[in-house]
2 protein chains.
Amino acid sequence: MGRKRTKSGKIRLAEVAELAGVSPITASRFFRNPEALSVAKRTRVESAAKELGYVPNLAARALASQRTEVIGVLIPSLTNNVFSDVLRGIYDASEGSRYSIQLSNTRYSILQEEKLLRLFLAQKPAGLIVTGIDQTTESRAMLEAADCPIVQIMEIGPNPVDMMIGFSHHDAARAAVAHLFAQGHRKVGFIGARMDPRVQRRLDGYVSAMKDAALFEQRLVVTTATPTSVTLGGALFTDLLARDPGIDAVFCANDDLALGVLFECRRREIAVPEQIAIVGFNDLEFMASAVPTLSSVRTNRYEMGKTAATMLIDAIDGRRPEQPVLDLGFKVIERQSSLSRRSDNRPAASGAGAANKMVALPSSQD
Amino acid sequence: MGRKRTKSGKIRLAEVAELAGVSPITASRFFRNPEALSVAKRTRVESAAKELGYVPNLAARALASQRTEVIGVLIPSLTNNVFSDVLRGIYDASEGSRYSIQLSNTRYSILQEEKLLRLFLAQKPAGLIVTGIDQTTESRAMLEAADCPIVQIMEIGPNPVDMMIGFSHHDAARAAVAHLFAQGHRKVGFIGARMDPRVQRRLDGYVSAMKDAALFEQRLVVTTATPTSVTLGGALFTDLLARDPGIDAVFCANDDLALGVLFECRRREIAVPEQIAIVGFNDLEFMASAVPTLSSVRTNRYEMGKTAATMLIDAIDGRRPEQPVLDLGFKVIERQSSLSRRSDNRPAASGAGAANKMVALPSSQD
DNA sequence: AGGAACGTTGACAGCGCTACCAGCAACGAC
DNA sequence: GTCGTTGCTGGTAGCGCTGTCAACGTTCCT
């Protein structure tokens with residue numbers, strides 16, 4: 001026998017259809033594709049829905065249509081400032097669209113990512129945003145088999161699964177080192193934490209720049225798998241100094257580390273930039289107001305998230321972008337921490353990327 | 001006539017049931033309430049599900065059961081470090097449970113919050129986490145009428161809608177000011193940004209402490225509606241100095257501002273803490289490694305998120321907490337920026353809160 | 001032994017929506 | 001006038017799962 005459960009009280013599409021004097025299916029069409037209705041019925045359904053305060057039941061819709069209006073987002077970290085900017089962009093872009101965001105945290109584990117991917121895909125998302133280009137082969141296969149648009153964010157590389165938006169961490173690091181060279185520095189150290197694939201590629205960029213200048217030495221590189229922090233920046237810098245007290249510059253794989261280095265220099269009474277130059281990565285908001293102001297490589301994180309979500313939604317709705325791979329570029333922001341006194345303030349080096357318009361974006365908007 | 005659509009290829013519960021040699025409903029029960037099955041059938045269904053790689057269709061489940069397994073989370077900001085810590089706690093707690101998180105950003109607007117609330121409630125969430133205690137009356141009514149557990153986070157106050165977890169911003173601010181008094185400071189300035197309800201209550205706490213000591217002056221307070229940033233900290237401090245060059249301490253409504261003040265002091269060659277003492281709020285990771293190290297009020301953000309989600313899930317599953325209102329307390333962390341040389345290093349002042357176990361939690365875990 | 005109580009299982013119907021076609025009117029082409 | 005063609009609308013039948021209740025077998029009590 002059937003169920004007795006109270007019919008949940010909510011008004012259904014059928015009620016709207018009845019009030020509008022149309023069939024339920026016509027009412028349904030009003031929400032999916034209003035253009036297909038005659039103007040008369042369209043307005044009738046519209047006002048009926050408004051009058052009754054109709055809210056569609058997404059579960060029923062998903063079940064009947066065999067697809068959801070959910071965009072899955074897989075990012076490695078919730079606390080890293082970099083990702084909160086990206087996320088803000090994604091959420092901003094999704095607002096107003098009919099898609100909702102389902103967020104999950106891979107904690108920098110590609111195995112965890114694979115597990116989450118399986119979970120997501122089983123629910124037939126409308127689209128997917130994944131971080132980076134280093135998936136497991138299993139994940140890669142799932143992504144390629146998925147019948148929804150996919151955007152890989154944070155970096156660009158060969159063989160996009162579908163769409164891709166980011167920049168070259170390798171080139172960005174090279175540009176940072178080139179800037180230090182231009183300022184007359186030679187013994188440039190590298191410190192990096194966590195060493196996820198993107199940090200690894202920054203290291204690679206650093207190494208290639210140093211080797212090109214025949215300045216590379218292994219002992220100039222200090223890294224750790226530990227998650228990044230300001231305190232860690234100080235500790236790694238201390239290590240670096242112990243390995244080679246003669247360094248004259250440090251390229252930090254992110255800004256937290258750079259701030260830590262700055263504090264450590266202050267603690268040791270090392271003059272910045274006179275004795276040691278510092279360059280960070282990401283250009284978080286505080287870099288511009290440190291004393292001395294800290295140089296960094298600016299990346300368009302908010303724009304990346306926003307564009308990724310916009311591209312994805314467009315693709316879901318059938319409007320594929322002309323360019324599936326978007327290089328957002330970067331820009332070396334030269335500040336006091338790396339400019340020698342005799343500096344002639346040359347223009348900042350910029351990364352490739354057609355979309356290299358560098359609007360002043362707050363890296364932290366609260 | 002019926003539909004021809006490919007049956008989506010996926011294995012359904014019916015397939016699992018068939019392989020296990022039970023009825024679909026029995027298989028269903030295995031997932032909802034395994035205890036209700038005999039051990040024999042339980043293992044049969046379990047292995048059948050595993051063999052087929054069965055993944056339940058959440059939309060169908062939601063439609064049939066008239067409820068979802070979604071926890072709605074409403075927070076004011078995605079970029080504020082404070083909320084990323086809370087979020088990390090929430091996501092960590094939800095992991096492993098069958099509930100998924102649906103996150104939305106109110107952008108510090110209670111009208112936006114009301115709109116989102118309406119949206120969420122229409123989808124019958126399993127539970128809700130909302131920020132703070134300052135909802136519109138309309139929102140408040142909706143929350144009270146909602147037939148799901150609700151947790152208010154970030155602060156505690158009278159009349160919880162349901163459950164509540166946080167601490168007293170008022171008391172925390174008072175404690176910070178008391179600490180400055182104890183260090184011999186009298187002309188204590190306040191700087192605050194954004195001025196959301198919680199910052200407002202920190203200001204209230206500051207004002208009450210100052211008035212109690214008969215030291216309150218309006219010109220010692222500098223606030224703005226602008227979102228917070230390190231740079232802004234420097235600017236507000238500059239304002240404060242202009243209003244009263246005689247101040248001997250600053251209580252900053254958050255740590256970004258405090259860092260900005262520190263940099264501004266360095267720029268102006270004001271000695272910290274000799275000429276100006278600084279206390280921040282939240283105790284973000286960098287506070288401990290600044291030079292001088294910066295005092296702050298530690299708040300248990302990660303724990304707050306984690307406990308909120310745990311309480312909520314427990315309540316959804318019918319295990320209501322003994323205590324619906326949880327005060328997580330705070331702790332004034334006294335560091336160099338506010339300790340006078342003659343300081344006798346008294347023990348740090350702690351907030352109320354039964355759960356005042358102050359485990360060392362990294363405020364930023366990456 | 002009879003029956004109540006319990007634990008376990010299954011049949012049935014339906015949650016609210018949409019895919020698929022069919023049907024119908026209006027229109028133009030021949 | 002007949003036959004497409006187009007544009008709009010509706011009927012039917014599910015999507016995959018679970019609430020409800022009935023039915024069954026077993027145990028325990030009187």
Side-chain angles (χ1 to χ4, degrees), chain A residues 1-45 48-49 52-69 98 122-124 126, chain B residues 1-45 48-49 52-69 98 122-124 126:
Chain A
M1 192 177 307
R3 50 192 57 181
K4 279 207 189 82
R5 65 171 82 139
T6 49
K7 279 221 162 78
S8 81
K10 300 297 294 180
I11 27 88
R12 302 191 308 279
L13 191 54
E15 267 94 62
V16 176
E18 194 179 6
L19 178 61
V22 300
S23 71
I25 188 66
T26 300
S28 164
R29 264 189 284 261
F30 168 75
F31 293 101
R32 314 234 106 256
N33 182 17
E35 317 304 317
L37 295 199
S38 64
V39 185
K41 308 233 165 187
R42 198 185 310 172
T43 52
R44 291 240 298 285
V45 175
L52 295 173
Y54 171 70
V55 182
N57 180 319
L58 299 185
R61 183 179 283 179
L63 181 58
S65 68
Q66 294 287 72
R67 55 207 161 74
T68 62
E69 290 175 344
R98 65 172 183 284
Q123 300 309 325
K124 300 188 216 299
Chain B
M1 193 177 308
R3 51 191 56 178
K4 278 209 189 79
R5 66 171 82 137
T6 49
K7 280 220 161 77
S8 81
K10 301 296 293 181
I11 27 89
R12 302 191 308 280
L13 190 55
E15 267 93 63
V16 176
E18 195 179 5
L19 179 60
V22 299
S23 72
I25 188 66
T26 300
S28 165
R29 264 190 283 261
F30 168 76
F31 293 100
R32 315 235 105 256
N33 181 18
E35 318 303 320
L37 295 199
S38 64
V39 185
K41 307 233 164 182
R42 199 186 309 172
T43 52
R44 290 241 296 287
V45 175
L52 296 173
Y54 171 71
V55 183
N57 180 320
L58 299 185
R61 184 179 281 179
L63 181 58
S65 67
Q66 294 286 74
R67 58 206 161 72
T68 62
E69 290 175 342
R98 65 173 184 282
Q123 299 310 323
K124 300 188 219 298

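Chain letters run A, B, ... following the sequence lines, proteins first, then strands; residues in each count from 1.
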Open item on the list: Run B:L19 and B:E15 through side chain to side chain contact (heavy atoms under 4.5 Å, CB included) and show every step you take.
Closed with: CA-CA 6 Å; B:L19 179 60; B:E15 267 93 63; over 6 Å; no
Task: Steps toward side chain to side chain contact (heavy atoms under 4.5 Å, CB included) verdict (B:N57, A:K124) - done: CA-CA 10 Å; B:N57 180 320; A:K124 300 188 216 299; 5.5 Å; no
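Of the listed nucleotides (D:dT18, D:dC15, C:dT18), C:dT18 has the atom at the smallest distance from the side chain of A:L13. Closest to the side chain of B:T26, from the set D:dG16, D:dT9, C:dG10, is C:dG10. You'll find that the side chain of A:K41 is closest to D:dT9, out of D:dG16, D:dT9, C:dT18. Side-chain proximity of A:S65 to the nucleotides C:dA19, D:dT9, C:dG10 is greatest for C:dA19. The side chain of A:Q66 lies closest to D:dC15, out of D:dC17, C:dA11, D:dC15.
The distance between the ring centers of B:F31 and B:Y54 falls below 6.0 angstrom.
Counting to the nearest Å, the P atom of C:dT18 and the CZ atom of A:R98 are 11 Å from each other.
For C:dG10, its base sits under 3.5 Å from the side chain of B:R29 at one donor and acceptor pair at least.
A:Y54 comes within 4.0 angstrom of sugar-phosphate atoms only, judged by non-hydrogen atoms across all strands, and of no base. A:A62 comes within 4.0 angstrom of nothing in the nucleic acid, heavy atoms only. Looking at heavy-atom distances under 4.0 Å, B:R42 makes no contact with the nucleic acid at all.
The side chain of A:R67 contributes an N or O atom lying less than 4.0 Å from OP1 or OP2 of C:dA19.
Nearest-nucleotide assignment on DNA chain C puts the 5′-proximal partner with B:S38, out of B:S38 and B:A60. Two residues, B:P24 and A:E35, neighbour DNA chain D, and the one matched to the more 5' nucleotide by heavy-atom proximity is A:E35.
Once rounded to the nearest 0.5 Å, the distance linking CD of B:E18 with CD1 of B:I11 reads 13.0 Å.
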